Amino acid sequence: MSSLASELASISSPEQQKEFLGNKLFPLVLERVKHPDITSKVTGELLELDNDELCRLIDSQDALSAKIDEVKAEIEACEPLSFPK
């Protein structure tokens with residue numbers, strides 16, 4: 001079990017667990033996406049994943065980058081005007 005998963009296990013409320021993961025994810029997504037509004041959308045979509053998957057992604061920069069790109073492309077396909085060029 002990763003240290004992140006251990007930390008998460010110590011948080012009892014599912015809502016607090018998602019908030020904790022969101023706080024970990026947002027700066028990582030922002031670093032990749034570079035646009036705060038889009039970062040919020042991508043982070044929100046990622047938070048729909050289960051917590052074990054999120055921990056795995058946060059622990060693996062390559063896997064997280066690939067997932068961020070995938071989610072960003074899905075959002076861009078649905079909302080092309082919201083993405084800066």
Side-chain angles (χ1 to χ4, degrees):
M1 178 182 287
S2 73
S3 63
L4 180 64
S6 296
E7 269 186 89
L8 190 63
S10 72
I11 302 171
S12 58
S13 160
E15 293 83 16
Q16 289 176 327
Q17 288 179 347
K18 286 296 184 183
E19 183 177 347
F20 171 81
L21 289 168
N23 289 336
K24 294 283 187 188
L25 273 173
F26 189 86
L28 299 172
V29 175
L30 181 60
E31 184 178 306
R32 179 114 182 127
V33 174
K34 306 281 192 255
H35 301 283
D37 292 344
I38 298 164
T39 297
S40 295
K41 291 178 182 184
V42 171
T43 302
E45 288 294 317
L46 290 173
L47 287 171
E48 296 295 320
L49 300 171
D50 82 12
N51 291 353
D52 290 337
E53 177 70 5
L54 287 171
C55 286
R56 187 186 70 74
L57 289 171
I58 292 169
D59 286 340
S60 169
Q61 187 166 353
D62 290 341
L64 180 59
S65 292
K67 193 64 167 178
I68 289 169
D69 292 346
E70 176 186 323
V71 170
K72 182 179 177 231
E74 289 171 6
I75 293 170
E76 188 173 24
C78 294
E79 305 174 33
L81 297 178
S82 69
F83 280 76
K85 298 293 178 200

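Just so it is clear, the values below take in all heavy atoms, side chains as well, and ignore hydrogens, waters and symmetry mates. Because the structure is a prediction, the values reported are computed rather than measured.
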Contacts satisfying salt bridge (Lys or Arg N to Asp or Glu O under 4.0 Å) that involve residues 50-63 (not counting sequence neighbours) are E53-R56
Separation between CG (L54) and CZ (F20), nearest 0.5 Å, reads 11.5 Å
So salt bridge (Lys or Arg N to Asp or Glu O under 4.0 Å) across residues 15-30, not counting sequence neighbours, yields none
Residues passing the side-chain contact (heavy atoms from CB on, under 4.5 Å) test with A66, sequence neighbours excluded, are none
Sequence neighbours excluded, the answer for side-chain contact (heavy atoms from CB on, under 4.5 Å) partners of L64 is L25, L28, L46, L57, I68
Measuring only between side-chain heavy atoms, which start at C-beta, is L47 closer than 4.5 Å to F26?
no
Margin query: Are I38 and L30 linked, directly or through intermediate hydrophobic residues, by side-chain heavy-atom contacts shorter than 4.5 Å (ILVMFWY only)?
Written below: no
Hits for salt bridge (Lys or Arg N to Asp or Glu O under 4.0 Å) against D69, two or more places apart or cross-chain, chain-then-number order -> R32
CG (L49) and SG (C55) are apart, to the nearest 0.5 Å, by 11.5 Å
When you group the ILVMFWY residues by side-chain heavy-atom contacts below 4.5 Å and let the links chain together, are L4 and L8 in the same group?
yes
For E7, the salt bridge (Lys or Arg N to Asp or Glu O under 4.0 Å) test, sequence neighbours excluded, returns none
By salt bridge (Lys or Arg N to Asp or Glu O under 4.0 Å), K67 pairs with (sequence neighbours left out) E70
With sequence neighbours left out, the residues meeting side chain to side chain donor-acceptor pair (under 3.5 Å) with E45 are none
Taken to the nearest 0.5 Å, the spacing of S10 OG from Q16 CD works out to 10.0 Å
